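Here's the structure we're looking at; comments come further down.
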Amino acid sequence: MSENKNVERNIPGMNRHTQFAEVEQAEHVSNTLKRIITYFVHEKMLVACMLCIVIFGTFCGVYAPSLQSKAIDIIAGSAGGNLSCTLLFMLAVYLFYSGSQLLQGLLSAHLSQRIVKRMRQELFGKIVDLPVKYLDTHSHGDVMSRMTNDIENISTTVSQSLPSLFSGVLTIIGTVAIMLFYCWQLALLSFATVFLTFLATKILSKRVRKFSRRRQELLGNLNGTVEEMISGYRTVVAYNHQDITTTKFCATSDSLTKAGIRTDIFSGVMGPIMNCIGNIGFVIIAAFGGYFAINGLISVGVISAFIVYAKQFSRPINEIAQIYGQLQTAIAGAERVFSVIDESNEDKTGDTLAESTAADVTFQNVKFSYEQGYPVLHDFTLTVPSGKKVALVGATGSGKTTVVNLLMRFYDIDSGNIYINRQNIKDISRDSLRKNVAIVLQDTVLFSDTIRNNLKYGNEHASEEQLDAAVEMSRCKDMIQMLPQGFDTVLIGSGENISQGQRQLLAIARAFVADPKILILDEATSNVDTRTEKAIQDAMQLVMKNRTSIIIAHRLSTIRDADIIVVMDKGSIVESGSHDSLLAQKGKYYELYMTQYAGFTI
């Protein structure tokens with residue numbers, strides 16, 4: 001009989017701090033659990049098989065000590081029977097138990113991956129259909145965390161914690177029943193150690209949570225200090241702040257060390273204390289079991305079985321305590337995932353934009369606020385004639401980009417109307433609207449794919465001739481030819497293997513390939529040098545010819561040839577006209593121009 005050296009069995013994916021770590025709590029546990037169960041319903045056959053394996057394995061684990069008891073009694077002469085058959089039967093039961101554990105792990109792994117696959121697909125499908133407003137008002141890191149960390153927690157819980165929870169509950173029930181059957185007096189005495197286990201867990205967990213929370217806070221501060229130092233290293237060195245930064249780091253590191261030591265001390269003593277309580281249980285069984293055996297109440301084999309059952313009884317209790325925190329975290333993660341899934345999709349209903357060679361854009365008395373009570377556009381009225389170039393200029397925050405957001409229906413207006421060829425865009429489906437508009441943003445977005453596929457992103461049926469013409473006009477043909485695989489060169493990390501200026505050239509070429517009725521350029525040349533900018537401007541004149549174009553620019557040199565220049569200030573149009581006429585007025589545009597090119601402020 002092996003002595004119980006450690007009553008805790010390590011669950012894969014957990015460490016000794018997991019049991020007491022500060023866990024995230026779900027707000028609506030019952031509703032979240034009901035929704036999680038619906039995912040199990042889709043895999044009911046697999047769930048049924050796994051439950052059968054768990055029940056069978058638990059039965060083998062509970063029944064095996066009884067065979068051990070019988071074998072000892074046969075050896076002691078207090079019971080009859082064939083020792084060899086009993087031992088072989090006991091060996092077979094233990095083998096079946098081990099086999100069921102293996103099958104349980106395999107089935108739970110398959111179950112968890114199927115469930116999280118379905119959940120991940122639902123979440124990603126929701127994210128791609130969310131309104132732009134949602135992603136603008138929610139942290140991108142938080143949304144990504146729901147896709148990765150939260151779903152991974154659910155996967156780990158399904159594959160590891162749930163089978164342990166089911167088998168643990170069944171083991172406790174079976175063990176209690178068989179111990180009461182053999183000798184209820186000795187069983188009740190053995191259960192006394194359970195109260196000591198709960199008491200020790202309660203006291204130690206409170207301490208560990210306190211210091212664990214403090215350690216996590218300090219670790220975050222330490223990481224922040226290191227990140228600031230590395231990202232701002234030139235500034236630190238330039239101002240000779242090395243010593244100050246080191247002192248700050250060492251102070252935080254010392255506090256982290258103290259919190260870590262205390263956390264490790266209180267979590268580290270958990271195992272020895274549980275072992276001590278388990279050994280106390282063995283002493284109780286040995287002492288009272290011997291007394292009962294002398295008085296003929298039980299046999300020696302029953303005492304040996306009780307020692308195994310006592311160990312078997314305490315193990316699932318500790319496991320359940322360990323997985324409690326992970327279950328809470330998984331439920332909270334599922335709630336966060338479901339909160340995104342329950343968001344309303346972007347409304348894509350509506351009519352198709354009527355076919356026409358013209359593309360007149362009209363803003364009529366448009367009012368809009370990102371937040372209620374803080375208007376961004378005030379009674380905005382503007383007409384962009386078909387085939388004309390209209391430039392929007394103004395100080396940061398004047399509402400230029402908001403105009404583009406409303407035209408693309410990234411946001412819906414509060415009041416007023418926007419028309420394309422006298423067709424209200426409220427009645428046009430977003431898909432139809434956006435197929436007729438191409439946009440080049442200031443923040444260039446390319447994808448981790450070939451240059452060819454990036455260029456064809458807005459027009460997947462584009463021919464090689466169209467691609468060649470687009471890269472020729474955007475002045476990036478030479479750059480593509482110098483790359484290892486030309487058009488088939490894969491952009492790594494969304495374009496990290498090329499310069500920012502080259503990325504912007506490709507984004508402009510992508511808009512050319514789309515061949516839209518309406519072209520929007522939002523600071524499209526902000527990341528290229530002056531020489532390249534001039535080349536792009538020449539190409540743009542060809543591309544924008546007879547095409548409705550809206551240009552947003554801070555560099556006034558990029559919009560001098562615009563048909564209409566609209567000057568915006570605090571969400572309203574304050575001036576409009578050609579470059580020369582606006583300079584002659586010596587108003588807001590004149591101030592901007594003189595500030596930028598004459599070197600002084602009016």
Side-chain angles (χ1 to χ4, degrees), residues 358-363 366 377 380-408 418-421 436-442 473-475 504-505 507-508 511-512 514-528 530-569 571-598:
D360 294 298
V361 178
T362 304
F363 293 81
V366 172
L377 294 182
F380 183 83
T381 298
L382 173 67
T383 297
V384 183
S386 178
K388 299 298 182 180
K389 301 187 292 291
V390 173
L392 304 180
V393 301
T396 301
S398 59
K400 304 184 299 298
T401 301
T402 299
V403 173
V404 173
N405 287 338
L406 298 180
L407 178 59
M408 295 289 292
I418 302 176
Y419 298 96
I420 297 179
N421 295 337
N436 289 276
V437 182
I439 184 170
V440 180
L441 298 171
Q442 179 179 2
M473 287 188 292
S474 61
R475 301 299 191 267
Q504 199 145 34
L505 288 173
I508 294 170
F512 294 166
D515 192 25
K517 291 182 179 180
I518 301 172
L519 179 65
I520 298 174
L521 303 172
D522 187 354
E523 290 290 339
T525 60
S526 61
N527 290 321
V528 296
T530 305
R531 182 178 178 182
T532 305
E533 179 185 10
K534 180 62 172 65
I536 292 175
Q537 288 299 318
D538 293 340
M540 282 182 177
Q541 298 306 316
L542 297 175
V543 175
M544 291 188 291
K545 187 176 182 180
N546 299 324
R547 192 190 307 272
T548 305
S549 303
I550 298 176
I551 310 166
I552 297 176
H554 285 110
R555 293 184 189 175
L556 300 186
S557 61
T558 63
I559 47 90
R560 292 184 61 171
D561 296 328
D563 297 304
I564 303 172
I565 298 175
V566 176
V567 184
M568 298 184 63
D569 185 42
S572 300
I573 297 176
V574 293
E575 291 176 351
S576 66
S578 66
H579 171 74
D580 292 334
S581 65
L582 289 175
L583 285 181
Q585 293 179 25
K586 293 192 175 182
K588 193 71 176 179
Y589 182 80
Y590 179 77
E591 292 182 13
L592 292 171
Y593 184 84
M594 296 303 291
T595 300
Q596 195 167 126
Y597 292 102

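What you see is a predicted model, and the numbers here were worked out from it, not measured in a lab. The first residue of the sequence shown is numbered 1, and numbering continues consecutively from there.
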Residue pair E575 / Y589: nearest heavy atoms and the distance that separates them: OE1-N, 3.1 Å

Can you check whether L382 reaches L392 side chain to side chain, under 4.5 Å on heavy atoms? yes

Which pair of non-hydrogen atoms, one from S386 and one from T548, has the smallest distance, and what is that distance? CA-OG1, 3.3 Å

Residues in salt bridge (charged side-chain N to carboxylate O under 4.0 Å, His left out) with D569, at least two apart? none

Between OG of S549 and CD1 of I559, what distance do you get to the nearest 0.5 Å? 13.5 Å

Please say whether more than 12 non-hydrogen atoms of neighbouring residues, nucleotides or ligands are located less than 6.0 Å from NZ in K388. no

Shortest non-hydrogen separation from V567 to L582 and the atoms involved: CG2-CD1, 4.2 Å

Exercise: identify the closest heavy-atom pair between I439 and M408: CG2-CE, 4.3 Å

Has R547 got more than 12 heavy atoms of other residues, nucleotides or ligands less than 6.0 Å from its CZ? yes

So which heavy atom on A511 is nearest to which on L519, and how close? CB-CD1, 4.0 Å

A side-chain contact here means heavy atoms from C-beta on lying under 4.5 Å apart; do L407 and I418 qualify? yes

Expected output: side-chain N436 to main-chain P516 donor-acceptor under 3.5 Å: no

Hey, does M568 have a side-chain heavy atom less than 4.5 Å from the side chain of L377? yes

Taking all non-hydrogen atoms of both residues into account, name the closest pair between Q585 and S576 and its distance. NE2-O, 4.4 Å

To the nearest 0.5 Å, how far apart are CG in D515 and NZ in K517? 11.0 Å

Measure the CG-NZ distance between D522 and K400 for me, rounded to the nearest 0.5 Å. 8.5 Å

Do V384 and I518 make a side-chain contact, defined as non-hydrogen atoms from C-beta onward lying under 4.5 Å apart? no

Is the shortest heavy-atom distance from the side chain of L583 to the side chain of Y590 under 4.5 Å? yes

